[in-house]
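One structure is given below, encoded as structure tokens.
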Amino acid sequence: MISLEKFSLKIKDRQIFREIDFAIGKGEALGISGSMGSGKTSLLYCMKGIIPHLKRGKTSGKLQINGTEKNKLRKEVGIVFQDPNDQIFSKTVYDEVRFGLKNHGFSGGVLEEKVENALNQVGLWNRKDDDPFELSHGQRQKLAIASVLAMEPEIILLDEPTASLDHRTTLEVYKTLGELRESGKTIVIVEHDTDSLVSFADKFLILDHGLQKAFGDEDVFSLSEVKEAGVKIPWGLKAKQG
Ligand SMILES: Nc1ncnc2c1ncn2[C@@H]1O[C@H](COP(=O)(O)OP(=O)(O)OP(=O)(O)O)[C@@H](O)[C@H]1O
Ligand SMILES: [Mg+2]
């Protein structure tokens, strides 16, 4: 479903990351972790097609989604940005979710039903008439997630979606993501909290300074390269290792 082979990115003369190699199948969840500035956000941008379609960057190697390489924005991929303020621009919570759906050609009762479902999924239906900028940062994060969910993309990319959320809201977001997975969606999530990550994802990709330090199941967290990348060993694994 998503496969990268020696996939590299340069922006201007800067090498952002190099030779990323991994593949995940449909319905799998990939967790990406790594140091600040290691290239996580840029990698998601490439998967969605924001780079090179909307932001410049020169890629090499192969990035295939559903077996195709494309140089444009991919409709089958939804992305929740690291900062929800980059994604929200409507006057009301309702319109924010409605906007993308309308662009996808939905109208009438179907459109309304999809908006309502998505807002209910993140618990924001009761705020539908509010200005998104009256919401707390965490609620805005949820709104950004709802706008992406509403479009029902096959693949959902999330860039540190719980970074500014409290514990309870974080659990709620992971619960929603768990339901999406059950329904067969493929999910890629960038997350520093490796405890949340191991309880959710099947595969893990660890980046450090633009290099792939590891890819695999939760055993990657025991590798010395991963520790050196400053990635926290999840509690569960620490206990196992004694
Ligand atoms: N348009 C750009 N022009 C020049 N450098 C860029 C550009 N976009 C990203 N970079 C650089 O690429 C590197 C990786 O950035 P990126 O945002 O992908 O990292 P990240 O792993 O998501 O970091 P963080 O954990 O802080 O979100 C950084 O050094 C950043 O400065
Ligand atoms: Mg980032």
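Just so you know, these numbers use all the heavy atoms, side chains as well, and skip hydrogens, waters and symmetry mates.
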How long is the span from the [atom1] atom in [X] to the [atom2] atom in [Y], to the nearest 0.5 Å?
X: S90; Y: I88; atom1: OG; atom2: CD1; result: 8.5 Å
X: K62; Y: K6; atom1: NZ; atom2: NZ; result: 13.0 Å
X: F200; Y: D193; atom1: CZ; atom2: CG; result: 13.0 Å
X: N103; Y: M151; atom1: CG; atom2: CE; result: 7.0 Å
X: M47; Y: L157; atom1: CE; atom2: CG; result: 6.5 Å
X: I16; Y: K10; atom1: CD1; atom2: NZ; result: 10.5 Å

- Query: So S196 and Y174, side chain to side chain contact (heavy atoms under 4.5 Å, CB included) or not? Walk me through it.
  - Reply: CA-CA 8 Å; S196 297; Y174 271 100; 3.6 Å; yes
Which heavy-atom pair separates [X] from [Y] by the least distance, and what is that distance?
X: T176; Y: Q121; answer: OG1-O, 3.7 Å
X: R74; Y: I65; answer: NH1-CB, 3.3 Å
X: F215; Y: V220; answer: C-CG1, 3.8 Å
X: S42; Y: I51; answer: O-CD1, 4.0 Å
X: S33; Y: E191; answer: OG-O, 2.7 Å
X: A214; Y: V226; answer: CB-CG2, 3.7 Å

Would you call [X]-[Y] a salt bridge at under 4.0 Å N-O?
X: D159; Y: K48; answer: no
X: E28; Y: K203; answer: yes
X: K142; Y: E172; answer: yes

Can you hop from [X] to [Y] via hydrophobic side chains spaced under 4.5 Å?
X: I2; Y: I79; answer: yes
X: I20; Y: I50; answer: yes
X: V97; Y: W125; answer: yes
X: L158; Y: I155; answer: no
X: V190; Y: V148; answer: no

- Report yes or no: is the cationic atom of R127 (NZ for Lys, CZ for Arg) under 6.0 Å from the centre of the six-membered ring of Y94, at an angle within 45° of the ring normal? no
- Does K114 make a cation-pi contact with F106 (under 6.0 Å, within 45 degrees of the axis)?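 That pair qualifies as a cation-pi contact.
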Side-chain heavy-atom pair [X], [Y] within 4.5 angstrom cut-off:
X: R140; Y: N85; answer: yes
X: Q15; Y: S8; answer: yes
X: N66; Y: M1; answer: yes
X: L44; Y: I32; answer: yes

Can you tell me if [X] has over 12 outside heavy atoms packed within less than 6.0 Å of its [atom1]?
X: K70; atom1: NZ; value: yes
X: R18; atom1: CZ; value: no
X: H209; atom1: NE2; value: no

Expected output: side-chain [X] to main-chain [Y] donor-acceptor under 3.5 Å:
X: D202; Y: A29; result: yes
X: T92; Y: D95; result: yes
X: K185; Y: P153; result: yes
X: S35; Y: S38; result: no
X: K91; Y: P132; result: no
X: E96; Y: F89; result: yes
X: S147; Y: L143; result: yes
X: S164; Y: H137; result: no
X: Q87; Y: F81; result: yes

- Message: Under a plain distance cut-off of 3.5 Å, with no hydrogens placed, do T169 and D166 share a side-chain donor-acceptor pair?
- Response: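 Judged by distance alone, the side chains do pair up.
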- Is there a donor in the side chain of Q82 and an acceptor in the side chain of T41, or the other way round, less than 3.5 Å apart? yes
- Worked check of side chain to side chain contact (heavy atoms under 4.5 Å, CB included) between L205 and V188: CA-CA 10 Å; L205 173 69; V188 178; over 6 Å; no
- Message: Check the orientation of F7 and F17. Use parallel for under 30°, tilted for 30 to 60°, and perpendicular for over 60°.
- Response: tilted
- Message: Test side chain to side chain contact (heavy atoms under 4.5 Å, CB included) on V77 and E154; report intermediate values, then the result.
- Response: CA-CA 6 Å; V77 178; E154 268 178 86; over 6 Å; no
- Query: Among L171, I189, T170, L177, which residue meets the side-chain contact (heavy atoms from CB on, under 4.5 Å) test with T162?
  - Reply: T170
